[in-house]
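Here is the structure we will look at, set down as structure tokens.
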Amino acid sequence: MVTTKPSIKLSGLAHRLVRDDLLTEEQAQQAFNAALKKRTPFVTYLVENELLQSLEIAQAASQEFGAPLFDLDVLDMEQLPIKLVDEKLIRAHHALPLFKRGKRLFLGVSDPTNLHGLDEIKFHTGLATEAVVVEEKKLTQCIEQALQATDSSMSDLLDTDLDNLDITIDDGEERQDDGDLDIDDAPVVRFVNKVLLDAINTNASDIHFEPYEKNFRVRFRQDGMLREIASPPVNLSSRLVARIKVMSRMNIAEKRVPQDGRIKMVLSRNRSIDFRVNTCPTLYGEKVVLRILDPTSAQVGIEALGFEKKQQDAFLEAIGKPYGMVLVTGPTGSGKTVSLYTALNILNQPDVNISTVEDPVEIQVAGINQVNQNSKTGLTFASALRAFLRQDPDIIMVGEIRDLETAEIAVKAAQTGHLVLSTLHTNDAPQTLTRLANMGIPAFNIASSVLLIMAQRLARRLCPHCKAPDEVPREALLEEGFKEEQLTGLTVYRAVGCERCNKGYKGRVGIFQVMPVSEAMGRIIMEGGNSLQLADQATKEGVATLRESGLKKVRDGVTSLEEINRVTKD
């Protein structure tokens, strides 16, 4: 009597493996039952017991269910959106978040038939989930590596030589640690030190420590754009903030009002970096922002600022005059301070007396007398200017003209044989003259004292290694401001992105409107003219607007049209 073996009904991936003769029905059923008993995924059981190779299973799964096959060896582990999915869900469903594109989350799985797992992750994240088939063995390793990285104490992630950085306070005294505070334990100390070092090494201009209800993030401003670089455990937020407050000699017990401080980090015998620190109370703790003040930023040379030849000549001519006023205007973060200190470095000679007053001094330069404005003690811009005029100055730099009193003293200094450099917050050069008039400065004094006004912005430079030509319709280029004759042979480039840059950009370049105040402009000012009349006169005299200067950078392939549209809002 012949007995027939009952047919085994297999479905999903197990059925495909049997159909491809990779497993017998009996092997598949036994493996399925054993995996169910051990509460382990079917594919994991097959690989752990060496019944099949990971690659064989992945290829079969990809062909059977039409899901893309992905090699985890090319994955950048630091870019995984691992925090979008709870660790329990990752382990329970053996699914690794790979990419997030809009509202879709791509999950690396070895068994794409696990629809229950995909649906549960979809429910918890609020994102549409899509399966990407990966090899089981590599998936297990990547999951452990990713989760271990998020769970590691910060001391495991940092270099061991970060503990002994030479960090001092604004007044030059060494910082004295408070031994009874928990803010000086090694992980916190080393994490803060590493963030400061990373910010310097990546040429960041600001560091943001931001507490929220369920997370705490650290962001760098690089090339004018903020980018998240770390997300420490939220329960460490108060200790990290307190550590920074101690380093900058703030009152760590006071959390209700903003505070200002300063940190100095000595990197070598010849180089130190200052950090200007500010805290501000928020709903979930104190936000801390550090502005990085690197003295080397003002030593780049005038050629590196981004001037066109005509603009550079006009600027150098103005600062070379024995008296008068040169004004630089633009929003916060537009590079005004670097431009002014570039001029001061040119003028800084043994035979001249240079004094500056700022709020605060951002770049320290040997040979220049620098004063920190301090309204609490009565040391205002105006009072410092009065003191300067009694100290036989040749050149005076005022951090910012904010009020009528400061403006009046600066104008008088410019009229009495001193070169005065300063900044204002206006949108372009012609508006600066009307701003001074609105402050209350008589038109005659403005016309007789102001030599040159320079408006500026900072645009990101395209990465020379990955920038690519961009197809922009002729009509669109004309609408953007290009002239018909400029379109011949014009190539517009776009940002691409590579390992050497930050989303297609690396570094920044200045965009300038350099407007010498001519006799014709002086007459317009004397007659009570407005900024529109001054702008028309500037155009007649060949002064390029900020927009025109930006388009010139696009024509030269220095930056993209998209970036110019971001920084010039004409």
Could you tell me whether the side chain of D71 and the main chain of D73 form a donor-acceptor pair under 3.5 Å? yes
Check: V558 main-chain N/O paired with D556 side-chain donor or acceptor under 3.5 Å: no
For the residue pair L561 and F482, establish whether any side-chain heavy-atom pair is separated by less than 4.5 Å. yes
Please list, one pair per line, the donor and acceptor atoms closer than 3.5 Å that link side chains of residues 491-512 to other protein atoms, with sequence neighbours excluded.
unit_1: R500; atom_1: NH1; unit_2: H465; atom_2: ND1; d: 2.9
unit_1: R500; atom_1: NH1; unit_2: H465; atom_2: NE2; d: 3.3
unit_1: Y505; atom_1: OH; unit_2: S560; atom_2: OG; d: 2.7

Sub-3.5 Å donor-acceptor pair from the side chain of E130 to the main-chain atoms of V132, do we have one? no
Here's a test for you: under side-chain contact (heavy atoms from CB on, under 4.5 Å), which of L127, L96, T129, T125 qualifies with V85? T125
Using the rule salt bridge (charged side-chain N to carboxylate O under 4.0 Å, His left out), only one of R547, R474, R555 pairs with E480; which is it? R547
Using modelled atom types and a 3.5 Å cut-off, is there a donor and acceptor pairing between side-chain atoms of K100 and backbone atoms of G102? yes
Should the heavy atoms of other residues, nucleotides or ligands under 6.0 Å from NZ of K137 be counted, would the total exceed 12? no
Tell me if a side-chain donor or acceptor on K553 pairs with a main-chain N or O of A459 at a distance below 3.5 Å. no
Applying side chain to side chain contact (heavy atoms under 4.5 Å, CB included), run through Q222 and D206 and close with a yes or a no. CA-CA 8 Å; Q222 295 172 300; D206 300 87; over 6 Å; no
Which pairs count as ring pair (Phe, Tyr, Trp, His ring centres under 6.0 Å) when at least one residue sits in residues 207-254, sequence neighbours excluded? none
Is it true that a side-chain atom of S62 and a backbone atom of Q59 form a donor plus acceptor pair closer than 3.5 Å? no
Going by salt bridge (charged side-chain N to carboxylate O under 4.0 Å, His left out), name the pairs with one or both residues in residues 105-121, residues two or more places apart or in two chains. none
Please say whether more than 12 non-hydrogen atoms of neighbouring residues, nucleotides or ligands are located less than 6.0 Å from CD in E562. no
Indicate yes or no for a side-chain donor-acceptor contact from E210 to the backbone of R219 under 3.5 Å, with no hydrogens or angles considered. no
Out of E135, K138, E136, H94, which residue meets the side chain to side chain donor-acceptor pair (under 3.5 Å) rule with S110? E136
Under a 3.5 Å threshold, yes or no: a donor from one side chain and an acceptor from the other, between T140 and E144? no
Should H425 and K336 be marked as a side chain to side chain contact (heavy atoms under 4.5 Å, CB included) after you check the CA-CA gap, both sets of side-chain angles, and the distance that decides it? CA-CA 10 Å; H425 286 282; K336 300 187 298 295; 3.7 Å; yes
What is the minimum heavy-atom distance between A95 and I143, and which atoms define it? N-CD1, 4.1 Å
Between P68 and V133, is there a side-chain heavy-atom distance shorter than 4.5 Å? no
Say whether, by atom type as modelled, one donor and one acceptor occur between the side chain of N278 and the main chain of Q259 under 3.5 angstrom. yes
Do S334 and Q456 come close enough that some side-chain heavy atom pair is under 4.5 Å? yes
Using the rule given for side chain to side chain contact (heavy atoms under 4.5 Å, CB included), can you reason through L46 versus L23, listing the C-alpha separation, both sets of side-chain angles and the distance that settles it, and then say yes or no? CA-CA 10 Å; L46 293 177; L23 290 175; 4.0 Å; yes
Passes side chain to side chain contact (heavy atoms under 4.5 Å, CB included), M225 versus R566? Steps please. CA-CA 11 Å; M225 307 295 284; R566 183 181 72 86; 3.6 Å; yes
Any salt bridge linking R461 with E563? Criterion: basic side-chain nitrogen under 4.0 Å from a carboxylate oxygen. no
Test applied, side chain to side chain donor-acceptor pair (under 3.5 Å); reference residue, T329; option that passes from T423, T426, D428, N427: T426
